Amino acid sequence: MKKLGKLYLVLVLLFLYVPIFVLIVFSFNETKSRSVFSGFTLEWYKRLFHNRIIISSLINTILIAVAASIISTVLGTLAAIGINSMKKVPKAVVMNVTNMPIINPEIVTGVSLMLLFVFFAARMNLEFGFVTLLIAHITFDVPYVILNVMPKFKQMNPHLYEAAQDLGCGPFKAFRKVVLPEIMPGVISGFLMSFTYSLDDFVVSYFTSGSTSQTLPITIYSMTRRKVSPEINALSTLIFIAVVIVLIVKNVIESRAAKKSGLS
Amino acid sequence: MKIKLKFFSAPYLVWMIVFIVIPLLMIAFFAFTTEDGGFTLKYISDVGQYANIFVRSIWLSLIATAICLVIAYPVAFILSRMEKHKQGTMLMIVMLPMWMNFLLRTYAWMTLLGNNGIINNLLGMIGLGPYKLINTSAAVVLGMVYNYLPFMILPLYSVMEKIDKSLFEAAEDLGCSGVQTLFRVIVPLSMPGITSGITMVFVPAISTFIISRMLGGGSNLLIGDLIEMQFLGNAYNPHLGAAISFVLMVIILVIMTVMNQFDPDDQVLI
C-alpha cells in the first residue's frame, strides 16, 4: 500500500514536471525545432538578453509589482485596522465587497476595470498604460493584504490602542508602537502575496494595459501568438530557476524561524 | 484628541467604491443598456445565441474539475499521512510548478501536443500516429487539469492534515473496510476541502480564454474567449461583452451557492 502511494505520487509529479523539463531542455537546442534535439547552444539566452521588448517589460513588471504591493500594503493595513473596529453589519458589507475581486473570475475584474478606464479616458486625460495597470494591480492586491492582516487582530487585545493613547501617546505613535508590531506578520505576508500576484498576473493586465506599457506576462503571451522562438524556452528556464531559488530560501528562513521559536 | 480607528479605512473605502463597486455596476449597466443609454434586454437575450459556447464551457470545466478532484484526492491524502517534517518539503515540490507563469505552463503543452510535437514524434518512432492532439477539446481539458490541479491539492491537503489518525484506527476497529472508512470517515471530514477545491478549479476553468486559445485552436471557444472578443477583438461590443460577463457571474454565483449547501461549516467564500 505504501509503495503504491509512492508510485502514485511519483506519477503525478512526473505529470507536473515533465512539460517544464522539456521546455528547459529545448532552451538549449541548436535549431528552432520543438521536438528534435540537434545540438547544444546558449544562443537563445544571448538573444533573450538582447531582446529589448523582454527586458523593458521585465523592468515594467517589477516596477508595477513593487509600487502596487507597497501601496496595497499601506492601504490594506489601514483598511484592516478600520474594518476591524467597525460594527457587525458594515463590517460584513465591506468584507463581502473586498472578497469580490478574489471570488470573481479574473476576466470579469479585468473587463469591469477596462469599462471604467474607457469611461475616464473618454472624459478626462487618462491613457491606458502604467497608471491604469498600477490601479488595476492595487485593486486586486489590496484584498489579499486585508485578508492576511485581519486575523492578526483576533490575537490582539482591542483596548491596547486606547490604553496607549490614554497614557499619552499620540494616535500615530500609538499605532506605530502598539498596533503595528502585533499585526506585522500579517502585513508582511500580505505584502509578499500581493507582490507575487502582481508579478504573475496576466488576465487583468491584459485588459488594462493598452499598448504602451506591457508587463512580462503580456509579452510572453504575444510571443506565443507569433512565430515561436526558443527564447521563450530560455525565459522559462530562467524563471523556473528563480522560482526554485526563492522557494528554497523561503523554506530555509521558515524552518529556521520555526526552530528558533521552538527553542525559546 | 483621539482619532477613531474606523477612519483608518476611509482611503480604502473610497478605493473600493471607485474601483470595485462602480466597475461591477458598470458591467450590469452596460449589459442592460443600449449605446444611447436606454434600457434594453437585447444584449442579455443575445447571449442566448451563444448557448453552445456556454454549454461547452460548463461541460469542459466540469470534466476538468472532476479529473482534478480524482487525481488530487489521493495526492492530498498521501501528503497528509507523511511524516511531519517531510510534508512541508513535499508540499513545496507539488506546488512549485504553480509558481511558473501559467502562460508558460500552457505553452509547454503546446510544444508537447503539437502535430510535430514530441508526443507525436515518439509515437512515430514506434510506428503510430501522427494523431491530432492539439486543437481538440481534450487538449483544453488537459490544459485546465494541468494548470489548476494544485488549486485542488492545497485545500484538500490542509483539511486532511487536521484529521486525526486515530479516527482511521477506530473505524477499522469497529469493522469498517478500507472503502467504508474512505466514504464514511475521510470524505465527510474533508468536505470543506472538497468544496473549496472545486470552486478554486471551476471558477478559473470556466472563465479562461488562454487555455482554449493556446490548446483549443479556433474551434473550442469558451465563455472567456467570447468576452475577450467583445472587448479587445474585432467584434468590439462592450454591451454584449458586459451581458456575457453578467451571465457568467450569475452562473458562478449559482454554482457556489449549490456548493455551499454541501459545506457543513460554510467556510467557502461568500
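In what follows, every chain begins at residue 1, and chains take the letters A, B, ... in the order their sequences are listed. Nothing here was measured: the structure is a model prediction, and the numbers come from that model.
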Handout entry: B:S9 and A:M86, any side-chain heavy atoms less than 4.5 Å apart
Key = yes
Problem - Contacting region of A:L23 [heavy-atom separation from chain B under 4.5 Å] - result: side chain
Exercise for the section: Measure A:V97 against the heavy atoms of chain B and call it side chain, backbone, both or neither at under 4.5 Å. Expected result: both
Practice task
Please state whether the side chain, the backbone, both or neither of A:D200 comes within less than 4.5 Å of a heavy atom of chain B.
Solution key: both
Practice task
Identify the residue among A:T224, A:N233, A:I220 that makes a side-chain contact (heavy atoms from CB on, under 4.5 Å) with B:L104.
Solution key: A:I220
Exercise for the section: Would you mind checking which part of A:L75 comes under 4.5 Å of any heavy atom in chain B, side chain (CB onward), backbone (N, CA, C, O), both or neither? Expected result: both
Handout entry: Side chain A:Y221, main chain B:I210, donor-acceptor under 3.5 Å
Key = no
Handout entry: Contact origin within A:T196 toward chain B - heavy atom pairs under 4.5 Å
Key = side chain
Exercise for the section: With a 4.5 angstrom heavy-atom cut-off, could you sort out which part of B:R81 is near chain A: side chain, backbone, both or neither? Expected result: neither
Exercise for the section: Counting only heavy atoms closer than 4.5 Å, note whether B:I78 contacts chain A via side chain, backbone, both or neither. Expected result: side chain
Exercise for the section: Examine whether an atom of A:F140 lies under 4.5 Å from a heavy atom of chain B, and if so say whether it belongs to the side chain, the backbone or both; otherwise answer neither. Expected result: neither
Exercise for the section: Give the ring-plane orientation class for A:F117 versus B:F19, where under 30° counts as parallel, over 60° as perpendicular and anything between as tilted. Expected result: tilted
Problem - B:M26 portion near chain A, given a 4.5 angstrom heavy-atom threshold - result: both
Practice task
Classify the ring geometry between B:Y146 and A:F15 as parallel (under 30°), tilted (30 to 60°) or perpendicular (over 60°).
Solution key: perpendicular
Practice task
Specify which of B:R213, B:Q230, B:M214, B:H85 makes the most heavy-atom pairs with chain A at under 4.5 Å.
Solution key: B:R213
Practice task
Look only at the side chain of B:Y107 and the backbone of A:I232, and say whether a donor-acceptor pair between them is shorter than 3.5 Å.
Solution key: no
Practice task
Could you check which of B:L149, B:N101, B:L13, B:V203 has the highest count of heavy-atom pairs closer than 4.5 Å to chain A?
Solution key: B:N101
Problem - Region of A:F240 that comes under 4.5 Å of a non-hydrogen atom in chain B - result: both
